[in-house]
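For this chain, numbers begin at 1 and follow the sequence in order. Computation of the quantities below employed the complete heavy-atom set of this structure, encompassing side-chain atoms and omitting hydrogens, waters and symmetry-equivalent molecules.
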Amino acid sequence: MPTPLTPYEPGTFLNIGTDIAEVTRVRASAERMGEAFLKKVFTDAEIALCEQSANKWQRYAARFAAKEAASKALGTGIGGHFGLKSVSVESGPDGEPVAVLDEAGQKAVAQRGGTRLLVTLSHTAELATATVVLIK
């Protein structure tokens, strides 16, 4: 698994993406489709992180929003060369959200002249939002 770069290293801003997700829609999809939905959308690390939380549906929704926001920051959309699991939002050493990219994600970042993605998450009981910045 790739090692994420620390978000505190200096870099140049290249692009930004943001998204908002309804917690109830993510929860309803997971309840309707079961584990297949979670395995299709989230990495094992994300599932483990969300499942240990009392507010797991907000955490899942925030990570779903982050995947969409990352695709917007990269200008790729979801599908083809950048999938839902191309970015995994995990916890850094201080609990901060860290974007970990698979091979396709790393390639998409590099093709746009970037080195990494910075991510921030927020949520209420009903809505989750994420902003992703592509850094050179």
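- In this structure, the side chain of Glu90 does not engage the main chain of Val98 through any donor-acceptor pair within 3.5 Å.
- In this structure, Leu134 and Leu117 have side chains that are in contact, with non-hydrogen atoms separated by less than 4.5 Å.
- Smallest separation of non-hydrogen atoms from Phe64 and Ala21: CD2-CB, 4.3 Å.
- Within the 3.5 Å criterion, the main-chain N or O of Gly113 finds no donor-acceptor partner in the side chain of Lys136.
- Remark: side-chain polar atoms of Arg59 are not paired, donor with acceptor, to backbone N or O of Asn55 under 3.5 angstrom.
- To the nearest 0.5 Å, atoms CZ (Phe82) and OG (Ser71) are separated by 6.5 Å.
- Between Val87 and Val100 there is no side-chain heavy-atom pair separated by less than 4.5 Å.
- Proximity of Thr76 to Arg112: side-chain heavy atoms (C-beta onward) are separated by under 4.5 Å at one or more points.
- Taking 4.5 Å as the limit, every side-chain heavy atom of Leu127 sits out of range of all side-chain heavy atoms of Val23.
- In terms of heavy-atom proximity, Leu121 sits nearest to Ala66 at CD2-CB, 3.8 Å.
- Between the side chain of Arg116 and the main chain of Ile135, no donor-acceptor pair closer than 3.5 Å is present.
- To the nearest 0.5 Å, atom CD of residue Glu22 and atom CD1 of residue Ile20 are 8.0 Å apart.
- Residues Val89 and Glu46 have side chains in contact (heavy-atom distance under 4.5 Å, counting atoms from C-beta outward).
- Residues passing the salt bridge (Lys or Arg N to Asp or Glu O under 4.0 Å) test with Lys85: none are found, sequence neighbours excluded.
- Atom CD in Glu126 sits 8.5 Å away from atom OG1 in Thr24 (nearest 0.5 Å).
- Using a cut-off of 4.0 Å between Lys/Arg side-chain N and Asp/Glu carboxylate O, Lys67 and Asp19 are scored as not salt-bridged.
- Atom CD1 of Ile47 is separated from atom CG of Leu38 by 5.0 Å, given to the nearest 0.5 angstrom.
- When atom types are taken as modelled, the side chain of Ser88 and the backbone of Ala45 share no donor-acceptor pair closer than 3.5 angstrom.
- The existence of a salt bridge linking Glu31 and Arg27 is confirmed by a sub-4.0 Å separation between a basic side-chain nitrogen and an acidic carboxylate oxygen.
- Of the inter-residue distances, the one linking Ser86 atom OG with Lys107 atom NZ reads 11.5 Å to the nearest 0.5 angstrom.
- Remark: the backbone N or O of Ala65 is not paired with any side-chain donor or acceptor of Glu68 at under 3.5 angstrom.
- At least one donor-acceptor pair under 3.5 Å links the side chain of Glu96 to the backbone N or O of Asp94.
- Criterion: ILVMFWY side-chain heavy atoms under 4.5 Å apart, direct or through other members. Under it, Leu49 and Trp57 are not part of a common hydrophobic cluster.
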For a side-chain contact (heavy atoms from CB on, under 4.5 Å) check, start with the C-alpha distance between Ile16 and Val132, then their side-chain angles and the critical distance, and finish with the verdict. CA-CA 6 Å; Ile16 190 169; Val132 174; over 6 Å; no
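- The CZ atom of Arg25 lies 9.0 Å from the CZ atom of Arg32; values are rounded to the nearest 0.5 Å.
- The minimum heavy-atom distance between Cys50 and Arg63, with the atom names listed, is SG-CD, 3.7 Å.
- Under the ring pair (Phe, Tyr, Trp, His ring centres under 6.0 Å) criterion, Phe42 pairs with Tyr60, sequence neighbours left out.
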